There are 2 protein chains.
Amino acid sequence: MRTGKGVEWAVHTLLNLAWLGDGEPVPTARLAAVHDLSASYLNKQLQQLVKAGLLESVPGARGGFRLARPLEAVSMLDVVLAVEGDDPLFRCAEIRRCGTIGERVPAGGFSRPCAVNTAMGRAELAWRKALAAQSLADVRAEAEAHAPAVGSYVRGGFGRD
Amino acid sequence: MRTGKGVEWAVHTLLNLAWLGDGEPVPTARLAAVHDLSASYLNKQLQQLVKAGLLESVPGARGGFRLARPLEAVSMLDVVLAVEGDDPLFRCAEIRRCGTIGERVPAGGFSRPCAVNTAMGRAELAWRKALAAQSLADVRAEAEAHAPAVGSYVRGGFGRD
DNA sequence: GGCCGCTTACTCGGATATCGAATGTCCGAGTTACTTAGG
DNA sequence: CCTAAGTAACTCGGACATTCGATATCCGAGTAAGCGGCC
């Protein structure tokens, strides 16, 4: 069980767009080239971000993607849910109702949710809260604290130095 | 991204063994039948639990699996790690080092960990802590609070009423 | 010179292959319990 | 009757298919910019 690499690609791309500063749209090919990613596959992830309202897409020549909101208004959870979907990490198949045990439980015996599902749900809630508590602006700030020149590296990588 | 169904199967099986009470080994076929599961695939998950020290296997006729420790000494995290492995949910591919941006960073510029990885790691840590905070005994207690007769249902499903 | 329509090139968006992991199945090695013959 | 070896059945354990989702790719619809002709 692991998150797809689309999440990593999406976060780095959003940060790069922020470091570029201007609101100019950037095409997928360029966003992919700066990190040696598959442009077509990155495009798929960016489309998910557009659907989620994190990016705006500009069609036609000189088009591309631009940030739809400031990083302060985007949490890590927003990105993860946009890319991976909002399905729960643990999907309860209700196996307690099946087989010779399930048959023995009288009607109404399953009115309360499955305790296993509840326990897994508590852990997932903690995960989501921790993700929601961190905005992309926080991540950017931490990256700049580690390497203050990261913004210039990014602009240089896009050929704008 | 979702957890495999092996986790659900393993937790329910461990709880069922506890509700049976006696330390008698139970074969895979019976453990699977009570919830209409694939016996061979459940067997694979149970082998993981044996490797992790949560179950003991008894070979030969009248053999099967039995609990290796009381439920109080088994956390939900133990089960998840035993079944799914201890790989991190988010695997950082270090794409920051690749492409035209990565080439522009001078040597030593990546001494600090990737901020994206750190942020995802914080969330995963919260998830693991929430799982570790819940023992299987807690889950059993919650299930019994919902349906006090669950133990008798289980014993009946195994043909021991 | 200014304006309008056309062409062209570029971009997104979704439909289409490919790959790997999770899921599911099968058979052999090993062990235990039972049987049965002997003392 | 008790014992002990032989037999047979049962179980785990791992090797072998299959299915599904993630990954990667490609091509068409649509749009904006640039160009050329016309007023």
Side-chain angles (χ1 to χ4, degrees), chain A residues 1-10 13 17 24-33 35-68 80 82-91 93 95 98, chain B residues 1-10 13 17 24-33 35-52 54-68 80-91 93 95 98:
Chain A
M1 196 250 302
R2 66 189 178 103
T3 63
K5 59 183 68 168
V7 173
E8 185 179 7
W9 296 14
T13 297
L17 284 171
E24 293 300 306
V26 184
T28 305
R30 230 165 261 226
L31 292 169
H35 284 315
D36 258 345
L37 308 177
S38 158
S40 301
Y41 189 41
L42 176 64
N43 188 16
K44 170 176 290 202
Q45 315 296 343
L46 298 184
Q47 285 178 34
Q48 298 297 113
L49 296 182
V50 171
K51 282 186 182 176
L54 304 186
L55 283 183
E56 288 176 2
S57 68
V58 178
R62 299 277 301 170
F65 295 92
R66 78 176 86 189
L67 291 177
V80 171
V83 173
E84 302 261 332
D86 66 351
D87 298 326
L89 273 66
F90 179 81
R91 178 180 158 174
I95 64 173
C98 306
Chain B
M1 197 248 302
R2 67 190 176 100
T3 62
K5 59 183 67 169
V7 173
E8 185 179 8
W9 296 15
T13 297
L17 284 172
E24 295 298 308
V26 182
T28 305
R30 230 164 263 227
L31 291 169
H35 284 315
D36 260 346
L37 308 177
S38 159
S40 301
Y41 190 41
L42 176 63
N43 188 16
K44 170 176 294 202
Q45 314 297 342
L46 299 185
Q47 285 176 34
Q48 298 297 112
L49 297 182
V50 172
K51 282 185 183 176
L54 305 185
L55 283 182
E56 288 175 1
S57 68
V58 179
R62 296 278 301 171
F65 294 92
R66 78 176 85 190
L67 292 177
V80 171
L81 292 187
V83 172
E84 303 260 333
D86 66 351
D87 298 325
L89 273 65
F90 178 82
R91 178 181 158 175
I95 64 174
C98 308

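For clarity, every value in this text was computed on a predicted model and none was experimentally measured. Each chain gets a letter, A, B and so on, in the order the sequences are listed, and its residues count up from 1. We use all heavy atoms of the structure for the numbers below, so side chains are in, but hydrogens, waters and symmetry mates are not.
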With sequence neighbours excluded, tell me which residues meet side-chain contact (heavy atoms from CB on, under 4.5 Å) with [X].
X	answer
A/R91	none
B/P25	B/V58, B/R66
B/A29	none
A/Q45	A/Y41, A/V83

What is the distance from [atom1] of [X] to [atom2] of [N], rounded to the nearest Å?
X	N	atom1	atom2	result
B/L37	C/dG24	CG	P	9 Å
A/E56	C/dT11	CD	P	18 Å
B/L49	D/dC12	CG	P	13 Å
A/K5	D/dA22	NZ	P	13 Å
A/L89	D/dG21	CG	P	16 Å
B/L31	D/dC12	CG	C1'	13 Å
A/R66	D/dA32	CZ	P	12 Å
A/D87	D/dA22	CG	C1'	14 Å

task: Show your reasoning for whether side chain to side chain contact (heavy atoms under 4.5 Å, CB included) applies to B/L17 and B/L55.
output: CA-CA 10 Å; B/L17 284 172; B/L55 283 182; 3.7 Å; yes
- request: Using a cut-off of strictly less than 4.0 Å between a heavy atom of the residue and any atom of DNA chain C, enumerate the qualifying residues of residues 38-48 of chain B by number.
  value: B/S38, B/S40, B/Y41, B/K44
message: Could you report the tightest heavy-atom contact between A/A39 and A/A32, atom names first, then the distance?
response: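 Of all heavy-atom pairs spanning A/A39 and A/A32, the closest is CA-CB, 3.6 Å.
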- prompt: Can a side chain N or O of B/S57 be found less than 4.0 Å away from OP1 or OP2 on D/dG13?
  reply: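 So the side-chain polar atoms of B/S57 do come within 4.0 Å of the phosphate oxygens OP1 or OP2 of D/dG13, strictly under.
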- request: Look at the side-chain N and O atoms of B/T28 and state whether any lies under 4.0 Å from the OP1 or OP2 oxygen of D/dC12.
  value: yes
task: Please tell me which of B/G64 and A/G6 maps to the more 5' nucleotide of DNA chain D, matching each residue to the nucleotide holding its nearest heavy atom.
output: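 Here B/G64 is the residue nearer the 5' end.
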5′-ward residue of the pair A/M1/A/F65 relative to DNA chain C: A/F65
field: Residue met sooner reading DNA chain C from 5', once B/G4 and A/G60 are mapped to nucleotides
entry: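 Counting from the 5' end, the first nearest nucleotide belongs to A/G60.
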- prompt: Yes or no on side chain to side chain contact (heavy atoms under 4.5 Å, CB included) for A/D87 and B/R2, after CA distance, side-chain angles and deciding distance?
  reply: CA-CA 8 Å; A/D87 298 326; B/R2 67 190 176 100; over 6 Å; no
field: Residue A/A61, side-chain heavy atoms: nucleotide from C/dC10, C/dT32, C/dG13 that is nearest
entry: C/dC10
query: Can you find a heavy atom in the side chain of A/V80 that is under 4.5 Å from one in the side chain of A/T3?
result: no
For nucleotides 3-5 of chain D, tabulate all protein N/O to nucleotide N/O atom pairs closer than 3.5 Å, reporting atom names and distance.
none

message: Let me confirm one number: the CG-CG distance from A/L89 to B/L89, rounded to the nearest 0.5 Å.
response: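 CG of B/L89 is found 6.5 Å from CG of A/L89.
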